[in-house]
Amino acid sequence: MNTLLTADTISVAKNLLGYRLVHESDEGITAGIIVETEAYLQGDPACHAYRKKSVRNAPMFGKAGTIYVYQIYGMHFCINIATNQEDIGEAVLIRALEPTEGIDLMAQRRKTDSIKNLCSGPGKLVQAMGIHKGMNHWHILNSDLTIYPPLSDYQYSEIFTTTRIGITQGVDLPYRFYLKDNPFISRK
DNA sequence: TCGCCGATATTC
DNA sequence: AATATCGGCGAG
């Protein structure tokens, strides 16, 4: 578990696929399998930590496993997990989950009955899981929000690699990873 | 089903 | 002025 997060960011982004993200909230437990991630690296113009450390991107410079929650477009939130060594501003964006537990609660939070629409996007999964800004700077291995290795009987297909979604810089970098044929990713 | 567009706050 | 998004809308 330790080396999972301290490895280079590309490896972490790939290795997190299949892991389970679990949130034990006051409203109940929700959980899902990570099926889509993106890597954001040093020297990458799309990375929030590209220029310098700031109040917003500070969690990216935390030790591996530090949670980075930020607001986007004024109305949505996304969650990242910091990677690499402390003071290196890199992270993995969680983009989609395959819902496994607390689906009723997720549906209630998301105001939809479509399972495929619960966690198929970075803003969606944050809402469905009850992830909030207060988790910023927490650590993923020491929080109500945590990760567990894939269940022994969970078989997933190979990892596909593409360019990232929704960015206007670093558009050619192959830093998006998802499980082939998984119906819960953010886009085809 | 696809593509366009507005919402809305924080950062640059 | 730009943004690591989403849901609603209208056209096909």
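We use all heavy atoms of the structure for the numbers below, so side chains are in, but hydrogens, waters and symmetry mates are not. Convention: sequence-line order gives letters A, B, ...; per-chain numbering from 1.
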Given 3.5 Å as the limit, does a donor-acceptor pair link the side chain of Gln85(A) with the main chain of Ile88(A), or not?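 Side chain of Gln85(A) to backbone of Ile88(A): no pair is present.
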For Gly121(A), does its backbone N or O pair with a side-chain atom of Ser186(A) as donor and acceptor, under 3.5 Å?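 No, the answer is negative, given that no donor and acceptor are paired below the 3.5 Å cut-off.
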Side chain to side chain donor-acceptor pair (under 3.5 Å) partners of Thr112(A), counting only residues at least two apart: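 Thr112(A): no side chain to side chain donor-acceptor pair (under 3.5 Å) contacts found.
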Over all strands shown, is Tyr40(A) touching base, sugar-phosphate only, or nothing at heavy-atom distances under 4.0 angstrom?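 Base, at least one base heavy atom under 4.0 Å.
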Dot-bracket for DNA chain B, 5' to 3', Watson-Crick and G-U pairs with both distances under 3.5 Å, [ ] for crossing pairs, | for partner on another strand, reads |||||||.|||.
List the atom pairs, donor and acceptor, that lie under 3.5 Å between side-chain atoms in residues 123-130 of chain A and the rest of the protein, sequence neighbours left out.
unit_1: Lys124(A); atom_1: NZ; unit_2: Asn117(A); atom_2: OD1; d: 2.8
unit_1: Lys124(A); atom_1: NZ; unit_2: Ser120(A); atom_2: OG; d: 3.3
unit_1: Gln127(A); atom_1: OE1; unit_2: Arg110(A); atom_2: NH1; d: 2.8
unit_1: Gln127(A); atom_1: NE2; unit_2: Arg109(A); atom_2: O; d: 3.3

Salt bridge between Glu38(A) and Arg95(A), side-chain N to carboxylate O under 4.0 Å?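 Here Glu38(A) pairs with Arg95(A) in a salt bridge, since their nearest N and O are under 4.0 Å apart.
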Taking only N and O in the side chain of Ser54(A), is any of them less than 4.0 Å away from OP1 or OP2 of dT11(B)?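 False: Ser54(A) side-chain N/O out of range (4.0 Å or more) of dT11(B) OP1/OP2.
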Compare side-chain N and O positions of His48(A) against OP1 and OP2 of dT11(B) and report whether any pair is under 4.0 Å apart.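 No, His48(A) has no side-chain N/O under 4.0 Å of OP1/OP2 on dT11(B).
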Reading nucleotides 4-10 of chain B from 5' to 3' and marking B where a protein heavy atom lies under 4.0 Å of the base, S where only the sugar-phosphate is that close, and - otherwise, the string is ---BBBS
Geometric cation-pi criterion, Arg164(A) with Tyr40(A): 6.0 Å, 45°: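 Relative to the ring axis of Tyr40(A), which defines the angle, Arg164(A) lies inside both limits.
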Tabulate atom names and distances for all N/O pairs under 3.5 angstrom spanning the protein and nucleotides 10-12 of chain C.
none

Of the residues in residues 95-132 of chain A, which ones touch DNA chain B at a heavy-atom distance under 4.0 Å?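 Under 4.0 Å from DNA chain B: no residue of residues 95-132 of chain A.
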Would you say the side-chain atoms of His48(A) and Tyr68(A) include a donor-acceptor pair closer than 3.5 Å?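 Note: His48(A) and Tyr68(A) side chains meet the donor-acceptor criterion.
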